Amino acid sequence: MPRANDAVEAVLLEYADLLSILSDDPFKPRAYEKAARAVAGYPADIAGFDLKQILQIPSVGRSIGEKIHEFLQTGTISALEELRAQIPPGVREMIRIPGLGPKRAMVLYRELGISSVDELLRAIEEGRLAGLRGFGAKTAENIRAGIERLRGAGGRVLISVAADLAELLEGRLRDVSGVERIAHAGSLRRMCETIGDLDLLVASRDPTPVMEAFTSLPEVERVLAKGDTKSSILTAQGLQVDLRVVQPEAWGAALIYFTGSKAHNIRIRELAVRKGLKLNEYGLFRARSGRLVVAATEEEVYERLGLPWIPPTLREDRGEIEAALEGRLPELVTERDIRGDLHTHTNLTDGLATLAQ
DNA sequence: GCCGTTTTCGGCCCGACTGTTTTCAGTCG
Ligand SMILES: Nc1nc2c(ncn2[C@H]2C[C@H](O)[C@@H](COP(=O)(O)OP(=O)(O)OP(=O)(O)O)O2)c(=O)[nH]1
Ligand SMILES: [Mg+2]
Ligand SMILES: [Mg+2]
């Protein structure tokens, strides 16, 4: 049985998308996204909730709360209908194109009347983006390639597929000169069931040869971006791989950053701010002076934030921060706990006892 | 739009890469 929370999450995310297209204030759509996450992660089914109960949900205030209430009562939200009247569904689809966001989607709609991915592709092929402010030849080609990617996207892959690719690529990069450490991060390290892309982290004093090696691997179909510390490629199978290279001293902070999740990162960065600190992928710093506090290991960074080391599988901002702060993290079963698997044989194979016995 | 034992107003995570930008916005991780 799907919960009402799922439908509410979907309308709040749609509201956030439409606001990001229409509004200049980036914090408003983010507030709707955050509320959508909170509703999705709320333990109870909110079907039939009254306004007072709805307002118990974190990140849901008066404005969003009333919209949720209206949706639960009537199945629609009048304010959402008003936004829908201003932005065709196809324009919202356009922001799914990798590299095209809400701002430029709005320019295309407003200036050229483009209101679907199909129309956009035709406009690019007919050269109609030329002359539009902020849309040069490269941008048009990038959007065209983005549409191809969107269309050909096989979506997320099973963790086993990503794990195999990770092993292959890590093996290749490990031998590059200057590589001191290598690990996979992102959703693969968190052991999510499906993986959107592969995230690899390398520690090296000399990033340039690592980036060169990475972007010229035989598995590379196309280089999406290539910089001094970060590059992205696309494999022939259409899977994206992101590589981040940091100095060995920053390994722990970088591993925390790249392991995520995004929501977990934001929560622990907020904790840092409240302590007069700043957390990024290079380390934990004093906010005022900018002086480094710690960076080398995950344990040290978490400890200075007042937290125990949190297992990657829990880093989803689904209560692990609160649990960690209270010292109530669950003891997870790890490989070291597994002494063997309890099993027996029956006379159906090579045993003596029957199955019933 | 949400939220707060410093605060009910003024912040909101923080930084890399790209393109066309004459100095930075947009998009993404
Ligand atoms: N601080 C911060 N970190 C981010 C943000 N977006 C992504 N990250 C970090 C945490 C993510 O786990 C990590 C890798 O990003 P991805 O987009 O690949 O996400 P992830 O691997 O978690 O999920 P995926 O299966 O790829 O969809 O980068 C962000 O907006 N802020
Ligand atoms: Mg990923
Ligand atoms: Mg990624």
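These numbers come from a predicted model, not from an experiment. Side chains included, hydrogens not; waters and symmetry mates left out as well; all remaining heavy atoms used. Below, chain A is the first sequence line, B the second, and so on; all start at residue 1.
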Output the single nucleotide from [options] whose closest atom is nearest the side chain of [X].
| X | options | value |
| --- | --- | --- |
| A:Asn142 | B:dG29, B:dG19, B:dG1 | B:dG19 |
| A:Phe27 | B:dA16, B:dC12, B:dG29 | B:dC12 |
| A:Arg104 | B:dG29, B:dC13, B:dT27 | B:dT27 |
| A:Lys103 | B:dC13, B:dA16, B:dG26 | B:dG26 |

- Kindly say whether A:Glu125 contributes a backbone atom to a donor-acceptor pair with the side chain of A:Arg144 at under 3.5 angstrom? no

- Please confirm whether the backbone N or O of A:Ile310 pairs with a side-chain atom of A:Arg315, one donor and one acceptor, at under 3.5 Å? yes

- Message: Between A:Glu249 and A:Arg205, does any NZ, NE, NH1 or NH2 come within less than 4.0 Å of an OD or OE carboxylate oxygen?
- Response: yes

- Is A:Arg189 salt-bridged to A:Glu298, cutoff N-O under 4.0 Å? yes

For [X] and [N], give me the distance from atom [atom1] to atom [atom2], rounded to whole Å.
| X | N | atom1 | atom2 | value |
| --- | --- | --- | --- | --- |
| A:Ile266 | B:dG11 | CD1 | C1' | 15 Å |
| A:Glu33 | B:dC13 | CD | C1' | 14 Å |
| A:Ile256 | B:dG15 | CD1 | P | 16 Å |
| A:Asp228 | B:dG29 | CG | C1' | 16 Å |
| A:Arg30 | B:dT27 | CZ | P | 13 Å |
| A:Leu132 | B:dA25 | CG | P | 18 Å |
| A:Leu243 | B:dC17 | CG | P | 11 Å |
| A:Leu201 | B:dA16 | CG | C1' | 14 Å |

Between [N] and [M], how far apart are the two [atom1] atoms, rounded to whole Å?
| N | M | atom1 | value |
| --- | --- | --- | --- |
| B:dT20 | B:dC13 | C1' | 28 Å |
| B:dC17 | B:dT22 | P | 22 Å |
| B:dG1 | B:dT5 | P | 23 Å |
| B:dA16 | B:dG11 | C1' | 24 Å |
| B:dT7 | B:dC2 | C1' | 14 Å |

- Message: Can you pull out the residues from residues 57-70 of chain A that lie within a 4.0 Å heavy-atom distance of DNA chain B?
- Response: A:Pro58, A:Ser59, A:Val60, A:Gly61, A:Arg62, A:Ser63, A:Ile64

- Sorted by number, the residues of residues 269-304 of chain A with heavy-atom contact under 4.0 Å to DNA chain B: A:Arg269, A:Glu270, A:Val273, A:Lys278, A:Leu279, A:Asn280, A:Glu281, A:Tyr282

If you compare every side-chain N and O of [X] against the phosphate oxygens of [N] (OP1, OP2), does one of them come in below 4.0 Å?
| X | N | value |
| --- | --- | --- |
| A:Thr139 | B:dT20 | yes |
| A:Thr229 | B:dC17 | yes |
| A:Gln240 | B:dC28 | no |
| A:Lys230 | B:dA16 | no |

Remember a base hit wins even if backbone is also touched, and classify [X] as base, sugar-phosphate or nothing at under 4.0 Å, heavy atoms.
| X | result |
| --- | --- |
| A:Ile95 | nothing |
| A:Asn265 | nothing |
| A:Arg133 | nothing |
| A:Pro102 | sugar-phosphate |
| A:Leu100 | sugar-phosphate |

- Query: Is A:Lys34 atom NZ crowded by more than 12 heavy atoms from other residues, nucleotides or ligands, each under 6.0 Å away?
  - Reply: no

- Might you confirm whether atom CZ of A:Arg84 has over 12 heavy atoms from other residues, nucleotides or ligands at distances under 6.0 Å? yes

- Message: Give me syn or anti for B:dT6, where syn covers glycosidic angles within 90 degrees of 0.
- Response: anti

- Toward the 5' end of DNA chain B, which comes first, A:Phe135 or A:Lys262, by nearest nucleotide? A:Lys262

Donor-acceptor pairs under 3.5 angstrom involving side-chain atoms of residues 155-170 of chain A: please list them, not counting sequence neighbours.
unit_1   : atom_1 : unit_2   : atom_2 : d
A:Arg156 : NE     : A:Thr194 : OG1    : 2.9
A:Arg156 : NH2    : A:Thr194 : O      : 2.9
A:Glu170 : OE2    : A:His184 : ND1    : 2.8

- The ring pair (Phe, Tyr, Trp, His ring centres under 6.0 Å) partners of A:Phe258 (sequence neighbours excluded) come to none

- Task: Using the test ring pair (Phe, Tyr, Trp, His ring centres under 6.0 Å), find all partners of A:Phe214 that sit at least two apart in sequence or belong to another chain.
- Result: none

- Item | B:dG11: pairing nucleotide in any strand, Watson-Crick or G-U under 3.5 angstrom | B:dC2

- Item | Identified side-chain contact (heavy atoms from CB on, under 4.5 Å) partner of A:Leu284 from the options A:Val294, A:Leu292, A:Ile268 | A:Val294

- Task: Taking side-chain contact (heavy atoms from CB on, under 4.5 Å) as the test, write out the residues that go with A:Ala287, two or more places apart.
- Result: none

- Task: Quickly, which of A:Glu320, A:Arg269, A:Arg318, A:Arg190 forms a side-chain hydrogen bond (donor to acceptor under 3.5 Å, both in side chains) with A:His264? Name it, please.
- Result: A:Glu320

